[in-house]
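Structure, as C-alpha cells:
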Amino acid sequence: MAIEMRSRWGVQIEGDQFDIDNLVSKLEGGALNPSWYFISMADEVPILRTSAWDDASDASEAKERALVDVALLQGCLNLLDGCQPLEIGTIYEFNGGGFSMSRTTMMPVIIRKPIDQLASRQDLASMLLRARQDEILQQAVIDFIPNAPWIDLYRVWESLKRHYGSEAKVYQHVTEPKKLSRAKRTANSFRHIPRFDPVTDPTPRLEAVQLFGDALRAAIAAARITVLTDGWSTGTEITVTDYQCAPDGPASLGKPTWNSTPQLTPGEPPKLVSVRLDNPSNKNG
C-alpha cells in the first residue's frame with residue numbers, strides 16, 4: 001500500500017553538508033506513522049516536513065515548533081554519528097500543487113541595563129557565591145542564556161521548582177505570579193513533541209525571559225551564603241601579573257584556519273598550540 005506523506009509546513013535545514021546528507025538519507029523512506037518526519041526536495045534544497053506542525057497559524061509559529069524537532073534530530077544524529085549544529089533556513093508553506101516561502105533574518109535583541117545602572121563588582125561576587133553554593137540555582141543560571149529559547153526557559157522553571165520545593169512556593173516569591181504562570185504554560189507547550197494544545201494567550205518570548213529572570217534573581221537574592229573561613233580580610237590588596245608576547249612571537253593567537261575541518265576520533269586528544277611569553281608586567285604595582 002502506497003502512502004503519500006503530506007504537511008502544510010516545511011523547513012530548510014542548514015549546516016554542514018555531510019550532516020544534512022546523513023540526515024536526509026536516514027529519513028527518506030523511514031516514516032513510522034502519518035505524522036513522522038519526511039524530506040521533500042525543492043530543486044536541490046532538502047525540506048524537513050511533518051504534519052505535526054499543520055495547525056501552526058503562521059510561519060513564525062511553524063518555525064518555533066520546528067526548532068524543537070530540529071534540536072531533537074540534531075541530538076540523535078550527534079549521539080549516533082557525531083554532527084555539527086543544524087539550523088533552520090527558509091520556511092515553506094505548501095498549498096495545493098505549490099508552495100510559498102518566507103525567511104526571517106534573525107536580529108539579536110540585546111537586553112542590557114544602561115551604563116549608569118550596571119551592577120557593581122560586589123553584586124557579581126554576591127551572585128556568584130550564592131549560585132556556586134546551590135547546585136540547583138547554579139544550573140538555573142547556566143540555563144538562563146542570552147536570548148534563551150523556550151526549552152531553556154522551561155529548564156529554569158524546573159530548577160526554580162526544585163529550589164523552592166513546589167510550584168506554589170515559586171509563585172509566593174515573585175511579584176507577578178499570574179504572568180509567570182502564563183509564561184510557564186507557554187514554555188511548556190513548546191517543549192513537548194507532539195506539542196500540547198497552544199496556550200490561548202501565549203506570553204511573548206522576550207517578556208517570558210524577563211519574568212523568568214526576575215524569578216531567578218529573587219531566588220538567588222534570598223539564598224544563604226556560607227561564611228568563607230579562608231577568605232581575605234577587607235582591604236586586602238590583590239595584584240595580578242600580566243604578560244606580553246615575546247618580540248619575535250605572534251601578536252595574537254587569532255582564530256585558527258584549516259584547509260579542511262579537523263576530524264577527531266573518540267579519545268584522541270586535541271592538538272595544542274604553544275606561545276612563548278616574556279616581559280611580565282604588573283599593572284597593579
Side-chain angles (χ1 to χ4, degrees), residues 5 7 9-53 56 59-94 99 101-108 139 142-156 158 187 189-195 205 253-273:
M5 301 292 288
S7 75
W9 299 101
V11 298
Q12 176 190 3
I13 302 298
E14 296 183 338
D16 185 274
Q17 191 60 48
F18 179 91
D19 298 325
I20 295 173
D21 293 343
N22 190 19
L23 179 63
V24 169
S25 69
K26 285 176 167 55
L27 292 180
E28 284 182 333
L32 301 183
N33 56 56
S35 63
W36 198 253
Y37 310 105
F38 66 100
I39 298 290
S40 63
M41 304 296 293
D43 293 327
E44 297 182 358
V45 177
I47 304 169
L48 176 67
R49 301 173 62 181
T50 170
S51 60
W53 308 331
S60 177
E61 184 179 351
K63 182 175 182 178
E64 285 281 1
R65 298 195 188 189
L67 283 170
V68 178
D69 290 274
V70 170
L72 178 63
L73 288 166
Q74 172 186 270
C76 290
L77 198 64
N78 191 35
L79 288 169
L80 291 169
D81 302 327
C83 75
Q84 296 298 303
L86 299 176
E87 298 180 351
I88 291 175
T90 301
I91 313 298
Y92 291 77
E93 182 176 12
F94 296 86
F99 56 80
M101 299 181 295
S102 66
R103 183 173 183 125
T104 302
T105 300
M106 300 300 291
M107 299 294 291
Q139 187 59 53
I142 291 172
D143 289 331
F144 192 70
I145 61 176
N147 297 312
W150 286 110
I151 194 167
D152 286 307
L153 291 177
Y154 197 85
R155 289 194 187 102
V156 172
E158 290 284 2
S189 71
F190 280 101
R191 75 185 184 97
H192 287 279
I193 302 174
R195 186 185 171 194
R205 191 173 60 83
L253 289 178
K255 183 178 181 180
T257 57
W258 309 88
N259 293 328
S260 61
T261 303
Q263 302 290 326
L264 297 178
T265 58
E268 180 182 353
K271 298 174 176 60
L272 303 178
V273 177

Go through the structure and list residues passing side chain to side chain donor-acceptor pair (under 3.5 Å) with S51, not counting sequence neighbours. none
Let me confirm one number: the OG-CZ distance from S40 to F94, rounded to the nearest 0.5 Å. 4.0 Å
Check G10 against R49 and note the closest heavy-atom contact, atom names and distance. CA-CG, 3.7 Å
With N78, which residues qualify under side-chain contact (heavy atoms from CB on, under 4.5 Å), at least two apart? C83
What heavy-atom pair brings L86 and G15 nearest, and what distance separates the two atoms? CD2-CA, 4.5 Å
Excluding sequence neighbours, so at least two apart, what forms salt bridge (charged side-chain N to carboxylate O under 4.0 Å, His left out) with D21? none
Between V156 and F144, which heavy-atom pair has the shortest distance, and what is it? CG2-N, 4.0 Å
Salt bridge (Lys or Arg N to Asp or Glu O under 4.0 Å) partners of residues 28-39, not counting sequence neighbours, each pair once: none
All side-chain contact (heavy atoms from CB on, under 4.5 Å) counterparts of P46, not counting sequence neighbours: I20, V24, I39, M41
To the nearest 0.5 Å, what is the distance between OH (Y37) and CG (L72)? 5.0 Å
Between Q12 and T90, is there a donor-acceptor pair closer than 3.5 Å when you use the side chain of the first and the backbone of the second? yes
Can you tell me how far apart CZ (F38) and OG1 (T50) are? Round to the nearest 0.5 Å. 7.5 Å
With sequence neighbours left out, write down each residue that passes salt bridge (charged side-chain N to carboxylate O under 4.0 Å, His left out) with D152, or none if nothing qualifies. R155
To the nearest 0.5 angstrom, please state how far the CG atom of L79 sits from the CD atom of Q74. 10.5 Å
